[in-house]
Amino acid sequence: MIQDFKAVFFDVGGTLLRVHPSVGDVYARHARPYGFDGEPDALNQAFRSHWKSMGGMESLGTAKGPEVERGFWKELVRRVFEPYGLQRFDAYFDEIYDVFRSDACWRVFEDVTESGLLDRLQARGVVLGVISNWDSRLPEIIDNTGLGKYFQFVLASTVVGSAKPDIGIFQEALRLSGVQPHEACHIGDEVGTDVTGAQNAGVHPILIDRTNRFPDTQPRIQSFHELVLENV
């Protein structure tokens with residue numbers, strides 16, 4: 001049961017937060033003044049395709065620093081807009097990079113809030129932390145979405161220099177928590193990064209699978225409500 005762990009770590013994208021209303025919608029809205037006249041759905045498709053071909057942020061491995069993270073995102077955004085010949089691309093990228101710091105671009109998943117899981121764990125004195133393949137904007141995003149009050153630390157891969165499933169970022173979380181691997185669990189939405197990474201570090205994994213992508217993976221939940229119900 002989750003309350004038996006002394007520390008609980010959380011992934012962010014797809015676990016705690018989702019883009020609102022979508023990456024394509026945000027990209028398109030801010031690209032109109034730069035000459036973009038396409039549709040958000042096309043940008044969503046291009047984003048998913050290029051994210052996959054570039055290997056996501058886990059492709060950065062142990063690389064770290066502002067140049068690394070901005071370079072990754074600039075190349076991804078460049079590929080997304082390549083068919084459209086966007087005007088003043090550098091200026092657009094600077095704008096959109098900052099836009100995604102704002103809470104206007106993010107929503108906390110309803111079950112995270114409605115379940116009260118974070119409040120319950122915090123009230124029990126469980127150490128709560130974030131482990132995410134993300135960049136240095138992450139602490140600001142966590143604060144802007146109202147989640148910062150729950151977490152004792154927020155670890156972003158390009159700051160730590162370790163991207164899941166590499167065990168380095170998990171080891172740093174354990175160090176900051178002051179607990180042994182078997183005393184911690186990690187909740188995330190990807191098997192290849194979250195589940196495998198946690199297992200490699202000796203941390204108990206819990207897969208959050210709201211859309212039934214990985215029905216054969218265990219332990220698996222489809223809502224944070226399940227973690228609250230198990231404690232009743």
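Small disclaimer: the values here were computed from a predicted structure and weren't measured.
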| task | For the pair D209 (side chain) and Q222 (backbone), establish whether a donor and an acceptor sit closer than 3.5 Å, ignoring hydrogens and angles. | result | no
Tell me, do I2 and C185 make a side-chain contact under 4.5 Å, heavy atoms counted? yes
message = Counting C-beta onward and ignoring hydrogens, is there a side-chain heavy-atom pair between L17 and L147 closer than 4.5 Å?
response = yes
Salt-bridge contact R137-E140 (side-chain N to carboxylate O under 4.0 Å):
no
>> Determine whether a donor-acceptor pair (N or O, by modelled atom type, separation under 3.5 Å) exists between the side chain of S223 and the backbone of H225.
In response: yes
message: I'd like to know if R210 and E110 make a salt bridge, using a cut-off of under 4.0 Å between side-chain N and carboxylate O.
response: no
Look at the aromatic rings of W134 and W106 and report parallel, tilted or perpendicular, splitting at 30° and 60°. tilted
In terms of heavy-atom contacts, G197 and F170 come closest through C-CE1, 3.4 Å
*asked:* Is there a path of hydrophobic side-chain contacts, each under 4.5 Å between heavy atoms, that joins V203 and V195?
replied: no
query = If you group Ile, Leu, Val, Met, Phe, Trp and Tyr by side-chain heavy-atom gaps below 4.5 Å, do V179 and F151 land in one group?
reply = no
When rounded to the nearest 0.5 Å, the distance separating CZ of F10 from CG of L155 is 14.0 Å
task: Establish, from distance only, whether the side-chain atoms of T145 and D103 form a donor-acceptor pair under 3.5 Å.
output: no
OG (S177) and CD (E183) are apart, to the nearest 0.5 Å, by 10.0 Å
> Would R79 and E82 pass as an ion pair if we require N to O under 4.0 Å?
Replying inline: no
Answer yes when E190 and R213 have at least one side-chain N-carboxylate O distance shorter than 4.0 Å, and no when they do not. yes
Interatomic distance, CZ@F72 vs CH2@W51, rounded to 0.5 Å, equals 4.5 Å
Minimal heavy-atom distance between F109 and T15, with the atoms involved, is CD1-O, 3.5 Å
Is it the case that over 12 heavy atoms from other parts of the model lie below 6.0 angstrom from the CD atom of E39? no
Q. Below 4.5 Å, heavy atoms only, C-beta onward: do C105 and V99 meet side chain to side chain?
A. yes
Query raised in the report: If only atom types and distance count, is the side chain of S53 paired as donor or acceptor with the main-chain N or O of H50 below 3.5 Å?
Result: yes
Between I131 and K164 the two heavy atoms that sit nearest each other are O-NZ, 3.0 Å
Q. Donor-acceptor pair, T196 side chain versus P165 backbone, under 3.5 Å?
A. no
### Task
Please state whether the rings of H186 and F9 are parallel, tilted or perpendicular, taking 30° and 60° as the class boundaries.
tilted
Quiz item: Is the shortest side-chain N to carboxylate O distance from D37 to R32 below 4.0 Å?
Solution: no
In short, D135 meets A156 closest at the heavy-atom pair O-CB, 3.3 Å
For a 4.5 angstrom cut-off between non-hydrogen side-chain atoms, does K6 reach V127?
no
| said: Checking H20 against R18 for the side-chain contact (heavy atoms from CB on, under 4.5 Å) test, could you report, in this order, the C-alpha distance in whole Å, the side-chain angles of both residues, the deciding distance, and whether it holds? | reply: CA-CA 6 Å; H20 174 79; R18 56 182 174 83; 4.2 Å; yes
Are F214 and L227 connected in the hydrophobic side-chain network, where two residues link if heavy atoms are under 4.5 Å apart? no
- Have Y34 and E95 got a donor and an acceptor in their side chains that come within less than 3.5 Å? yes
Can you confirm whether E67 is buried at CD, in the sense that more than 12 heavy atoms of other residues, nucleotides or ligands lie under 6.0 Å from that atom?
no
- Item | Close side-chain approach of Y97 to V77, heavy-atom, < 4.5 Å | no
| task | Assess whether side-chain contact (heavy atoms from CB on, under 4.5 Å) is satisfied between Y150 and I142, documenting all intermediate values. | result | CA-CA 10 Å; Y150 294 108; I142 293 292; over 6 Å; no
Is there a donor-acceptor contact under 3.5 Å from the side chain of S115 to the main chain of V112?
-> yes
Under 3.5 Å, side chain of D11 to main-chain N/O of D194, donor-acceptor pair present? no
*asked:* Treating Y92 as the side-chain partner and Y27 as the backbone partner, does any N or O pair qualify as donor plus acceptor under 3.5 Å?
replied: yes
**Message:** Is it the case that the side chain of E69 and the backbone of S136 share a donor-acceptor pair, with hydrogens and angles ignored and the cut-off at 3.5 Å?
**Reply:** yes
*asked:* One pair to check against side-chain contact (heavy atoms from CB on, under 4.5 Å): L118 and Q122. What are the steps and the verdict?
replied: CA-CA 6 Å; L118 296 175; Q122 188 177 61; over 6 Å; no
Item checked: Shared hydrophobic cluster for V154 and V159 (ILVMFWY, side-chain gaps under 4.5 Å) -> no
Notebook entry, point to check: For the hydrophobic clusters of this structure (ILVMFWY residues joined by side-chain heavy atoms under 4.5 Å, transitively), does one cluster hold both V12 and L176?
Noted result: no
Nearest heavy-atom contact between P33 and H30 is CD-O, 3.4 Å
| R78 side-chain N/O to F89 backbone N/O, donor-acceptor pair under 3.5 Å | no
Smallest heavy-atom separation, M57 atom then N133 atom, equals SD-O, 3.7 Å
Using atom types as modelled and distance alone, determine if a side-chain donor or acceptor of S157 lies under 3.5 Å from a backbone N or O of A163. no
In terms of side-chain geometry, is the basic nitrogen of R88 or D94 positioned less than 4.0 Å from the acidic oxygen of its partner? no
**Ring centers of F5, H204 separated by less than 6.0 Å** = yes
Between the CD1 atom in I208 and the CD1 atom in I187, the distance rounded to the nearest 0.5 Å is 8.0 Å
Rounding to 0.5 Å, atoms CG (L128) and NZ (K149) come to a distance of 12.5 Å
One should read off an interatomic distance between I169 CD1 and Q171 CD, to the nearest 0.5 angstrom, of 11.0 Å
